[in-house]
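Taking it in order: structure first as structure tokens, then the write-up.
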Amino acid sequence: MFPNPQDALPLPAKPNLEHYKKLASELVKACKSDDNEAIGIWAEKWVTSVVKLSGLVITKHLPVSVDRWTNQVEEFARRELATSCRIANAQFVIARSHGFSSWPKF
């Protein structure tokens, strides 16, 4: 199941619940969009933001990269939202991408 522990996205220093509610809503909107690239665009924007907010500096010596994380999040989101673009599914995608085995109610 995505992610493996070493692939989980880092949490920002000060996670904000309202921000995560907005992220889930944006993912649902991307899922319902007619644009086939909307989920990928959402994933890239979010992963880039997470890296910046967490203060992580990615170097070639680390086993992670923004592109790899973006692709993994996009693929996982597409799988989880394939049958239903619901807020609960979007919350699960976000929580699981951070490595949580279950998700809190936002």
Side-chain angles (χ1 to χ4, degrees):
M1 178 185 271
F2 172 80
N4 291 321
Q6 67 270 19
D7 290 332
L9 296 173
L11 280 171
K14 295 182 181 181
N16 180 299
L17 183 59
E18 292 305 315
H19 178 70
Y20 279 95
K21 286 180 180 180
K22 183 178 176 188
L23 279 170
S25 294
E26 290 172 353
L27 179 52
V28 169
K29 184 178 176 182
C31 178
K32 291 179 178 180
S33 170
D34 291 334
D35 183 357
N36 289 336
E37 297 180 18
I39 291 176
I41 292 167
W42 175 89
E44 182 176 15
K45 179 181 169 188
W46 180 50
V47 169
T48 302
S49 172
V50 165
V51 169
K52 181 179 177 183
L53 291 173
S54 69
L56 181 64
V57 177
I58 297 180
T59 66
K60 63 181 178 179
H61 302 292
L62 292 177
V64 297
S65 73
V66 171
D67 289 340
R68 180 175 173 206
W69 271 332
T70 299
N71 291 338
Q72 288 175 324
V73 169
E74 179 183 1
E75 289 173 17
F76 182 62
R78 287 186 187 283
R79 275 196 319 267
E80 290 300 316
L81 298 167
T83 58
S84 179
C85 297
R86 295 182 5 212
I87 196 76
N89 298 49
Q91 290 170 340
F92 178 71
V93 167
I94 293 167
R96 193 70 193 119
S97 296
H98 278 304
F100 294 99
S101 58
S102 62
W103 68 98
K105 300 291 184 203
F106 291 10

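Atom set for the values below is all heavy atoms of this structure, side chains included, hydrogens, waters and symmetry mates excluded. Since the structure is predicted, the reported quantities are computational estimates derived from the model, not experimental observations.
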| field | Interatomic spacing from CZ in F92 to CG in L81 - rounded to 0.5 Å | value | 10.5 Å

| field | Rounded distance [0.5 Å steps], CD1 in I39 versus CD in E80 | value | 11.5 Å

| field | Shortest non-hydrogen contact between V73 and S97, atoms and distance | value | CG2-OG, 3.8 Å

| I41 side, atom CD1; N36 side, atom CG - distance, nearest 0.5 Å | 10.5 Å

| field | Salt-bridge present (K21, E18; N to O < 4.0 Å) | value | yes

| Would I94 end up clustered with V66 when hydrophobic side chains under 4.5 Å apart are linked, directly or stepwise? | yes

| field | Residues in side-chain hydrogen bond (donor to acceptor under 3.5 Å, both in side chains) contact with E74, at least two apart in sequence or another chain | value | R78

| task | Check whether any side-chain heavy atom of W46 lies under 4.5 Å from a side-chain heavy atom of W69, and answer yes or no. | result | no

| request: Starting from the C-alpha separation in whole Å, work towards a yes-or-no answer on side chain to side chain contact (heavy atoms under 4.5 Å, CB included) for R68 and N71. | output: CA-CA 5 Å; R68 180 175 173 206; N71 291 338; 5.8 Å; no

| request: Could you pull out the closest heavy-atom pair between A90 and A24, with the gap in Å? | output: CB-O, 3.5 Å

| request: Over all heavy atoms of both residues, which pair between W42 and L23 is shortest? Give the atoms and the distance, please. | output: NE1-O, 3.4 Å

| remark: For P10 and H98, the nearest pair of non-hydrogen atoms, with its separation, is O-CE1, 3.1 Å

| query | When rounded to the nearest 0.5 angstrom, what is the spacing between OH in Y20 and CG in L11? | reply | 5.0 Å

N/O donor to acceptor pairs below 3.5 angstrom from side-chain atoms of residues 47-57, sequence neighbours left out:
from, atom 1, to, atom 2, distance (Å)
T48, OG1, E44, O, 2.8
S54, OG, V50, O, 3.0
S54, OG, V51, O, 3.1
S54, OG, L56, N, 3.4

